[in-house]
Number of protein chains: 4
Amino acid sequence: MCERLLYVKGEFTLDSSTVTRRERRAEARRTQILSAAAAVFSRKGYERATTREIAAAADLAEGTLYNYFTNKRDLLIGVAQNYADEVTQAISQSQAEDLDGLVAQLIANRFRHRQERRLFMLFMQEAHLNQDVYQYYVQEALARIIHNTEQLIEQAIEAGKMRPVDPGIAARTISAAIMGFSVMFEFSDALWDGLKRKDGHPITADWLGEQVADLFLHGLEK
Amino acid sequence: MCERLLYVKGEFTLDSSTVTRRERRAEARRTQILSAAAAVFSRKGYERATTREIAAAADLAEGTLYNYFTNKRDLLIGVAQNYADEVTQAISQSQAEDLDGLVAQLIANRFRHRQERRLFMLFMQEAHLNQDVYQYYVQEALARIIHNTEQLIEQAIEAGKMRPVDPGIAARTISAAIMGFSVMFEFSDALWDGLKRKDGHPITADWLGEQVADLFLHGLEK
Amino acid sequence: MCERLLYVKGEFTLDSSTVTRRERRAEARRTQILSAAAAVFSRKGYERATTREIAAAADLAEGTLYNYFTNKRDLLIGVAQNYADEVTQAISQSQAEDLDGLVAQLIANRFRHRQERRLFMLFMQEAHLNQDVYQYYVQEALARIIHNTEQLIEQAIEAGKMRPVDPGIAARTISAAIMGFSVMFEFSDALWDGLKRKDGHPITADWLGEQVADLFLHGLEK
Amino acid sequence: MCERLLYVKGEFTLDSSTVTRRERRAEARRTQILSAAAAVFSRKGYERATTREIAAAADLAEGTLYNYFTNKRDLLIGVAQNYADEVTQAISQSQAEDLDGLVAQLIANRFRHRQERRLFMLFMQEAHLNQDVYQYYVQEALARIIHNTEQLIEQAIEAGKMRPVDPGIAARTISAAIMGFSVMFEFSDALWDGLKRKDGHPITADWLGEQVADLFLHGLEK
DNA sequence: AATGAATGAGACTTCATTCAT
DNA sequence: TATGAATGAAGTCTCATTCAT
């Protein structure tokens, strides 16, 4: 196998990039497959999604999937893991200056895209039936989101910006509202039809965020 | 078909009351089947539920299901319809005296049972793929719940009990939170673990309802 | 379900033959399928036999096989069980008067048909990989054959017809020879080609039986 | 292909000895692969053995197998050929002085190792479906063993050591017993359990050989 | 109307073989 | 020549639906 012997910087060496190139290729394939799987799963749900369709979406033969994932369920786990990673990363990067910004950001940042919202619902369903999805998605991602929100609220209370509500309840209520909105957004036509602004302006995401943030900050009562 | 031929009062006759009895019988069968289907669907999801399992749960043969429903999907639609009816009925009966009671009731009354929560999630998933489920569940039930909540809030505002928030936004936010909680309850272990009461008492549903109602009424801000 | 109500011998009764007929039908199907499976397995071996081919041989749809057997392996077990039953039955019925007849019968009666010989080899192969085949075929059938032969030899020794050889060894040697012959018969062309009778007569099964019996009875040595 | 260009004694040259070395190398590879294939085939059978597993056992990549053998079946033929060669060689070297030794050697020398016994059964199965296996194994090896045994018996008869039995029958009966024993050995537990020595000593291969030889030499009859 | 055996389309998965590197 | 990722044909098995009883 002489191809691997390279004369680099004055000495012969075993070209490490050979290994790396293959590894990079494999990693690219995994990503390619998971991306296709995420798309099909979010569109069809787990059971209705077929490996044939996922393979087609990834522009690969069906058998190739099984060089990277042991079975269909493993694909779902992979998607869940990927997604949990993204969420975790997004959390660690988020920074909010003031209270309004904090709540608005919480409302706005989660489940922004249709695929994310669909996957959220998918994982919720599958978590019952799959230990790994439960672990990777619910425990790692959702629990982390809630915990993170809880800490932000605690800090706000300590800083005297919020009244001393129970941070656990508050964090869970806000998270629940976000999750619920993400479900509702999927059915915009029916569930948002009745909504109208008093000032007659069209409804925008920003206005929505403001309104909800206002509600959570100041409450309903006069 | 011997049921039609009755020996009554000394002569054979085509009993006209048979039709009515048969109709009642048929209605009872439908109910029996839908109840079984709801149980199995909520436990397994639509695709994983098998007609065999539903038939077994209904204590009937598989073939019998097809005397009352044209196919498996029709069963789901039936369950959605049934459920939408129940929700509608529940709404029309609900009455709340004061503001605290209103919010607490909203929080507490929806998705109280595991099966309801699961069916909610199921319908959400299936609504994408099924026009009928969308219509019967999302449009008829969910939209009605939101609309109803909106009206209650409007009345509270008019009565001067609430500050003049946008009732549409408020109703949807509360509904979203309820939906989100119903999802969260399914994953109690992981998502409720961190929660602790300051006074050290154990967490109860009532306390939770109070806390969330307080949050929605008075807001986060000091 | 009025069809089941029969007026028999002066009273109404739940027709028990309804159950029986169905059971008979089911038993017939099992037999039909096992017969087809035995034929295909003996021709192709376990792995090369396809459920499609077995179903075709049984003149049934592929799916129907699975109403009677849980999987392909279960079919093999069924065939092995069936075969073991036959062998056991055959043993319990066999009777031999004198020593020559005994040995000749042992030689002649086992593995007479091609399918039996093939199945014997098949079970031998599969017994390594399948606990059930091992149990049903090797333990129940083969061990029983050997044990039975051992007893016949013991009786012959006690009756003074045989010299006091070890009955266990003798029974196993004869059984081994029978097994070996059954394998050889499969390759008649190559392995029997060289064989010629001194008297020029053609080779027959009877002559063969006689010769082998003579060998086992009187030995090689002068 | 850098292997062909050699820098020898001051100049680049197409080394003519390379061909020989390459041939030796290729032969070594073939042996290495066949050895691995024999091991895997004997353990799993032909169909259940995978090229992946054979390649792993040979410490090579799957693709490499196809540089030396055209397909999986060709591997089986190679193993059969190899084995037939070994048998032929073993026969030509075997020498027995007296009658007891002859029979004992026949009994003892074939199928001594588990792998040999398994391969024997494998080839028997596959010979039906594969002309080449039939030719190489059955015709070349088995027929040769029988023929060789036949000759030895003929010599013994001519030398007056054996009574004038039919040598063809005798050779085939002994061979059949050996084959049968080789099958039985695979199922030692069930088929050897009942066996006990009168003198109470444990059962050994030597004692077994003696007993069987005695049986074949002196027969059963008193 | 009730039954449940029969059906066969279609799903997931394996694996011998090819081929670019 | 060696590699192993890619391929896709083919296998087993499930399950919604039909239909004779």
Side-chain angles (χ1 to χ4, degrees), chain A residues 1-4 18 21-22 25-26 29 47-55 59-73 75, chain B residues 1-4 22 25-26 29 47-56 59-75, chain C residues 1-4 18 21-22 25-26 29 47-55 59-75, chain D residues 1-4 22 25-26 29 47-55 59-75:
Chain A
M1 272 174 287
C2 50
E3 296 90 9
R4 285 189 186 168
T18 304
R21 196 194 315 153
R22 181 168 291 166
R25 226 181 106 94
R29 275 271 184 278
E47 292 292 339
R48 258 184 292 262
T50 66
T51 51
R52 167 184 299 231
E53 196 175 1
I54 294 169
D59 204 23
L60 290 169
E62 239 176 307
T64 307
L65 302 184
Y66 291 85
N67 288 338
Y68 296 89
F69 299 89
T70 56
N71 52 33
K72 190 185 172 189
R73 192 142 286 275
L75 277 170
Chain B
M1 309 293 170
C2 50
E3 293 90 8
R4 284 188 186 172
R22 180 177 296 162
R25 225 179 108 94
R29 275 272 186 275
E47 292 293 340
R48 263 184 286 261
T50 64
T51 51
R52 170 182 299 225
E53 196 176 0
I54 293 169
D59 206 22
L60 290 170
E62 262 183 283
T64 308
L65 303 183
Y66 290 83
N67 288 335
Y68 298 90
F69 298 89
T70 58
N71 53 32
K72 190 185 172 188
R73 190 141 286 275
D74 201 33
L75 277 170
Chain C
M1 273 174 286
C2 51
E3 296 90 10
R4 286 191 185 167
T18 303
R21 197 193 315 153
R22 182 168 289 164
R25 225 181 108 94
R29 274 272 183 278
E47 291 293 339
R48 259 185 290 263
T50 66
T51 50
R52 167 185 298 231
E53 196 174 1
I54 293 169
D59 203 24
L60 289 169
E62 237 178 309
T64 307
L65 302 183
Y66 292 86
N67 288 339
Y68 296 89
F69 299 89
T70 56
N71 52 33
K72 189 185 172 188
R73 190 143 287 273
D74 200 34
L75 277 170
Chain D
M1 308 290 170
C2 51
E3 295 89 8
R4 285 189 187 170
R22 179 177 297 164
R25 222 180 110 93
R29 274 271 186 274
E47 292 293 340
R48 264 184 285 262
T50 65
T51 51
R52 169 181 299 223
E53 196 175 0
I54 292 169
D59 207 22
L60 290 169
E62 263 183 283
T64 308
L65 303 183
Y66 289 83
N67 289 335
Y68 297 91
F69 299 88
T70 58
N71 53 31
K72 191 185 172 188
R73 190 141 286 274
D74 202 32
L75 278 170

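Within every chain, numbering begins at 1; the chains are lettered A, B, ... in the order of the sequence lines, protein sequences first and strands thereafter.
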Partners passing side-chain contact (heavy atoms from CB on, under 4.5 Å) against Thr50(C) (at least two apart in sequence or in another chain): Arg52(C), Glu53(C)
Rounded to the nearest Å, what distance is computed from the [atom1] atom of residue [X] to the [atom2] atom of nucleotide [N]?
{"X": "Leu65(A)", "N": "dC15(E)", "atom1": "CG", "atom2": "P", "value": "17 Å"}
{"X": "Glu53(A)", "N": "dA11(E)", "atom1": "CD", "atom2": "P", "value": "9 Å"}
{"X": "Arg48(C)", "N": "dA16(E)", "atom1": "CZ", "atom2": "P", "value": "12 Å"}
{"X": "Glu62(B)", "N": "dT14(F)", "atom1": "CD", "atom2": "C1'", "value": "12 Å"}
{"X": "Arg29(D)", "N": "dT3(F)", "atom1": "CZ", "atom2": "C1'", "value": "12 Å"}
{"X": "Asn71(D)", "N": "dT18(E)", "atom1": "CG", "atom2": "P", "value": "8 Å"}
{"X": "Phe69(A)", "N": "dA5(F)", "atom1": "CZ", "atom2": "C1'", "value": "15 Å"}
{"X": "Lys72(A)", "N": "dT14(F)", "atom1": "NZ", "atom2": "C1'", "value": "13 Å"}

Heavy atoms of other groups near Arg25(D) CZ, more than 12 under 6.0 Å: no
Distance below 4.0 Å between Arg52(A) side-chain N/O and dT13(E) OP1 or OP2: no
OP1 or OP2 of dA16(E) under 4.0 Å from side-chain N/O of Arg73(D): no
By the 4.0 Å heavy-atom rule, please label [X] as base, sugar-phosphate, or nothing.
{"X": "Ala49(A)", "result": "sugar-phosphate"}
{"X": "Tyr68(B)", "result": "sugar-phosphate"}
{"X": "Thr51(A)", "result": "base"}
{"X": "Leu60(A)", "result": "sugar-phosphate"}

Nucleotide nearest Asn67(C) when distance is taken to its side chain, options dT17(F), dA6(E), dA16(E): dA6(E)
Given dA2(F), dC12(E), dA6(E), the nucleotide with the shortest approach to the side chain of Thr64(C): dA6(E)
Selection residues 64-73 of chain D - residue pairs positive for salt bridge (Lys or Arg N to Asp or Glu O under 4.0 Å), sequence neighbours left out: Arg73(D)-Glu126(D)
Whichever of Glu47(B) and Ala61(D) has its nearest DNA chain F nucleotide further upstream toward 5': Ala61(D)
List, with names and distances, any nitrogen or oxygen atoms from the protein found under 3.5 Å away from nitrogen or oxygen atoms belonging to nucleotides 19-21 of chain E.
from    : atom 1 : to       : atom 2 : distance (Å)
dT21(E) : O3'    : Arg21(A) : NH1    : 3.4

Base-pairing string, 5' to 3', of DNA chain F - Watson-Crick or wobble, under 3.5 Å, | interstrand: .||||||||||||||||||||
Thr70(A) vs Asp59(B), nearer the 5' end of DNA chain E by closest nucleotide: Asp59(B)
Taking distance alone, no hydrogens or angles, what donor-acceptor pairs closer than 3.5 Å link side-chain atoms of residues 59-69 of chain A to residues at least two apart or in another chain?
from     : atom 1 : to       : atom 2 : distance (Å)
Glu62(A) : OE2    : Thr51(A) : OG1    : 2.8
Thr64(A) : OG1    : Ala61(A) : O      : 3.4

